[in-house]
Amino acid sequence: MTVRYDWQEAEISAIYNTPLLELVYRAASVHRQYHNSQQIQVCKLISIKTGGCPEDCGYCAQSSHYQTEVKPQALLEKETVLNIAQQAKASGVSRVCMGAAWREVRDNSQFDRVLDMVKDVTSMGLEVCCTLGMLNESQAKRLEDAGLYAYNHNLDTSREHYSTIITTRTYDDRLNTINNVRQTKVTVCSGGILGLGETERDRISMLHTLSQLNPHPESVPINILSQVEGTPLEKQPDVSVWEIIRAIATARIVMPAADIRLSAGRAELSQIEQAFCFMAGANSIFSSDDGHMLTVTTPCPGYDSDKELLSLLGLENRPPFLNQRSNKGVILNN
Ligand code: SAM
Ligand code: SF4
């Protein structure tokens with residue numbers, strides 16, 4: 001199977017609606033053509049700047065539009081970030097994602113400090129991903145120069161559903177930032193959230209948009225909404241695990257070379273459910289030492305329980321920089 005950029009929405013819908021076990025079998029087969037199915041990449045998210053965000057994303061504990069448990073904090077000191085990264089590396093993590101609750105990057109001393117963190121964490125031999133909000137091309141270039149491996153910017157949901165979740169920016173703003181990252185050799189990480197009140201058609205539409213990006217994002221996080229008290233989405237019902245598996249399997253089939261990351265919401269899944277997600281083509285997880293994924297409101301399984309899970313399933317941690325070639329066809333320097 002070759003990588004395709006011309007999937008029609010109806011084809012993706014047919015894949016999504018394939019009888020479940022057939023769908024998982026097909027996704028598992030595609031997975032084995034493009035990836036080492038014995039390996040899972042373990043990532044650690046560090047919230048380098050928490051809370052006080054001017055955006056109004058309806059799911060987010062860090063938006064200043066809502067009253068949540070999250071208290072705004074200043075940008076972390078580099079030493080703190082390096083210590084967390086060191087501990088993560090020692091626990092088998094090969095990718096560190098640094099997140100800031102910013103609407104966009106500004107060319108100021110805070111950005112200089114982030115660039116410095118990127119340099120130092122990269123020199124520890126870890127893949128570094130940043131998620132800092134919107135970026136222009138010159139800022140993407142500065143991150144590239146600092147050695148950044150990946151930039152995360154999620155589409156979150158379909159174009160059609162977007163404005164019911166976020167009103168302070170547009171879908172095209174999102175695509176524009178992804179395009180700015182693509183002007184560099186920094187790889188792209190972009191996915192979405194299940195459980196935002198979207199229809200099945202919205203999920204398929206989002207996967208369609210991602211599959212039309214040429215090249216595909218090298219990394220596609222599939223988040224499951226953590227309902228946060230105080231946000232407009234606090235009362236959203238849980239997503240069925242079967243829907244999660246369908247979304248993962250469909251993403252795996254339409255973007256076969258991408259890493260599919262089972263991200264937020266994994267703490268709610270049993271070991272058996274997670275194993276099913278790996279069978280459906282998920283090949284990465286986020287793990288944490290403090291029980292939180294990004295903020296206190298998003299639980300995350302710990303390093304020890306994840307080691308136990310991987311060992312139980314006979315899976316191993318993927319080392320960093322294994323995918324030397326980005327989906328763009330550029331050899332990454334390392
Ligand atoms: N401010 C930056 C941005 O939005 O691009 C980066 C940080 S933001 C917290 C990173 C991603 O986390 C979001 O795009 C969203 O997909 C995910 N996320 C945030 N809150 C979540 C929640 N309550 N449940 C599931 N996923 C969530
Ligand atoms: Fe801000 Fe990102 Fe949260 Fe949206 S998801 S409110 S941009 S931190």
Side-chain angles (χ1 to χ4, degrees), residues 43-73 75 97-106 110-111 114 129-135 139-140 143 150-158 161-163 165-171 173-178 180-181 188-198 203 206 210 217 219-239 244 247 261-269 286 288 292-300:
C43 312
K44 161 76 179 154
L45 195 43
I46 306 176
S47 183
I48 57 169
K49 161 70 187 82
T50 303
C53 181
E55 300 285 75
D56 70 350
C57 309
Y59 49 78
C60 187
Q62 304 197 74
S63 166
S64 57
H65 295 255
Y66 317 122
Q67 291 284 325
T68 72
E69 263 182 74
V70 169
K71 300 279 160 282
Q73 284 169 18
L75 185 64
C97 182
M98 307 197 302
W102 289 337
R103 169 179 163 73
E104 74 237 306
V105 170
R106 305 229 168 110
Q110 302 244 319
F111 185 38
V114 173
C129 175
C130 276
T131 180
L132 314 171
M134 291 185 262
L135 274 186
Q139 291 161 340
L143 284 163
Y151 195 80
N152 164 270
H153 207 60
N154 292 330
L155 292 182
D156 282 342
T157 189
S158 67
H161 193 54
Y162 202 72
S163 62
I165 304 297
I166 300 152
T167 67
T168 48
R169 57 170 187 258
T170 67
Y171 213 59
D173 288 334
R174 238 32 205 172
L175 290 167
N176 198 22
T177 291
I178 292 173
N180 290 336
V181 175
V188 169
C189 173
S190 186
I193 310 180
L194 305 176
L196 302 178
E198 74 283 356
R203 287 181 197 147
M206 180 188 81
L210 290 169
S219 159
V220 178
I222 302 288
N223 292 294
I224 306 147
L225 178 72
S226 288
Q227 296 93 334
V228 177
E229 224 181 292
T231 63
L233 297 180
E234 65 178 345
K235 297 256 160 31
Q236 277 300 311
D238 286 342
V239 185
I244 298 166
R261 304 189 196 276
L262 176 57
S263 309
R266 187 172 63 90
E268 310 302 321
L269 302 182
F286 286 81
S288 182
H292 309 140
M293 177 140 168
L294 188 64
T295 66
V296 285
T297 56
T298 38
C300 182

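Read the numbers this way: they start at 1 and go in the same order the structure lists the ligands and their atoms.
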Asker: Mind checking the CG-CG spacing from Asp156 to Asn223? Nearest 0.5 Å is all I need.
Answerer: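 Reported value, rounded in 0.5 Å steps: 7.5 Å.
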Asker: Verify the neighbour count for atom CD of Glu234: are there more than 12 heavy atoms of other residues, nucleotides or ligands below 6.0 Å?
Answerer: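 Yes - once you tally the heavy atoms of other residues, nucleotides and ligands closer than 6.0 Å, there are more than 12.
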Asker: Is the shortest distance from atom 2 (Fe) of ligand 2 to a protein heavy atom below 4.0 Å?
Answerer: no
Asker: Determine whether the side chain, the backbone, both or neither of Thr131 has a heavy atom under 4.0 Å from any heavy atom of ligand 1.
Answerer: both
Asker: Should one rank Gly192, Ala101, Ala100 by closest heavy-atom distance to atom 2 (C) of ligand 1, which comes out on top?
Answerer: Ala100
Asker: State whether the shortest distance between N or O atoms of Asn152 and N or O atoms of ligand 1 falls below 3.5 angstrom.
Answerer: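 Asn152 vs ligand 1: no N/O contact under 3.5 Å.
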Asker: On a heavy-atom basis, I'd like to know which of Leu45, Thr177, Ile193 is closest to atom 27 (C) of ligand 1.
Answerer: Ile193
Asker: Can an N or O of Asn154 be found at a distance shorter than 3.5 Å from an N or O of ligand 1?
Answerer: yes
Asker: To the nearest 0.5 Å, what is the distance between CG on Leu196 and CE on Met206?
Answerer: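 Output value for this atom pair is 9.0 Å.
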Asker: Everything protein-side that's N, O or S and under 2.8 Å from atom 1 (Fe) of ligand 2: list it, residue and atom.
Answerer: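 The answer, once waters are left aside, is Cys53 SG.
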Asker: Could you check Tyr59 against Thr231 for side chain to side chain contact (heavy atoms under 4.5 Å, CB included), going step by step and ending with a plain yes or no?
Answerer: CA-CA 6 Å; Tyr59 49 78; Thr231 63; 5.9 Å; no
Asker: Which pair of heavy atoms, one from Ile193 and one from Ile224, lies closest together, and at what distance?
Answerer: CG2-C, 4.2 Å
Asker: I'd like to check Tyr151 versus Ile178 (side-chain heavy atoms, cut-off strictly below 4.5 Å). Are they in contact?
Answerer: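 Of all side-chain heavy-atom pairs linking Ile178 with Tyr151, none is under 4.5 Å.
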Asker: Is it the side chain (CB and beyond), the backbone, both or neither of Asp156 that lies under 4.0 Å from ligand 1, heavy atoms counted?
Answerer: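 Answer for Asp156: side chain.
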Asker: Counting heavy atoms only, name the option from Glu55, Gln62, Arg174 that's nearest to atom 4 (O) of ligand 1.
Answerer: Arg174
Asker: Measure the distance from atom 5 (S) of ligand 2 to every protein heavy atom, then report the residue, atom name and distance (to 0.1 Å) of the closest one.
Answerer: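 Ranked first by proximity to atom 5 (S) of ligand 2 is Tyr59 OH, 3.5 Å.
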Asker: Can you list the atoms of ligand 1 that are under 4.0 Å from a heavy atom of Tyr59?
Answerer: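 By the 4.0 Å cutoff, the relevant atoms are 13 (C), 14 (O), 15 (C), 18 (N), 19 (C), 20 (N), 21 (C), 23 (N).
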Asker: With atoms numbered from 1 as shown, which atoms in ligand 1 lie under 4.0 angstrom from a non-hydrogen atom of Leu225?
Answerer: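 In order of numbering, the contacting atoms are 24 (N), 25 (C).
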Asker: Check each atom of ligand 2 against the heavy atoms of Arg169 and keep those under 4.0 Å away; list them by number with element.
Answerer: 7 (S)
Asker: Should Gly99 be listed as contacting ligand 1, given a heavy-atom distance under 4.0 Å as the test?
Answerer: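 It does not, in that no heavy atom of Gly99 comes within the 4.0 Å cut-off of ligand 1.
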Asker: Look up atom SG in Cys129 and atom CD1 in Ile46, then write down how far apart they are to the nearest 0.5 Å.
Answerer: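 Between Cys129 SG and Ile46 CD1, I get 11.5 Å after rounding to 0.5 Å.
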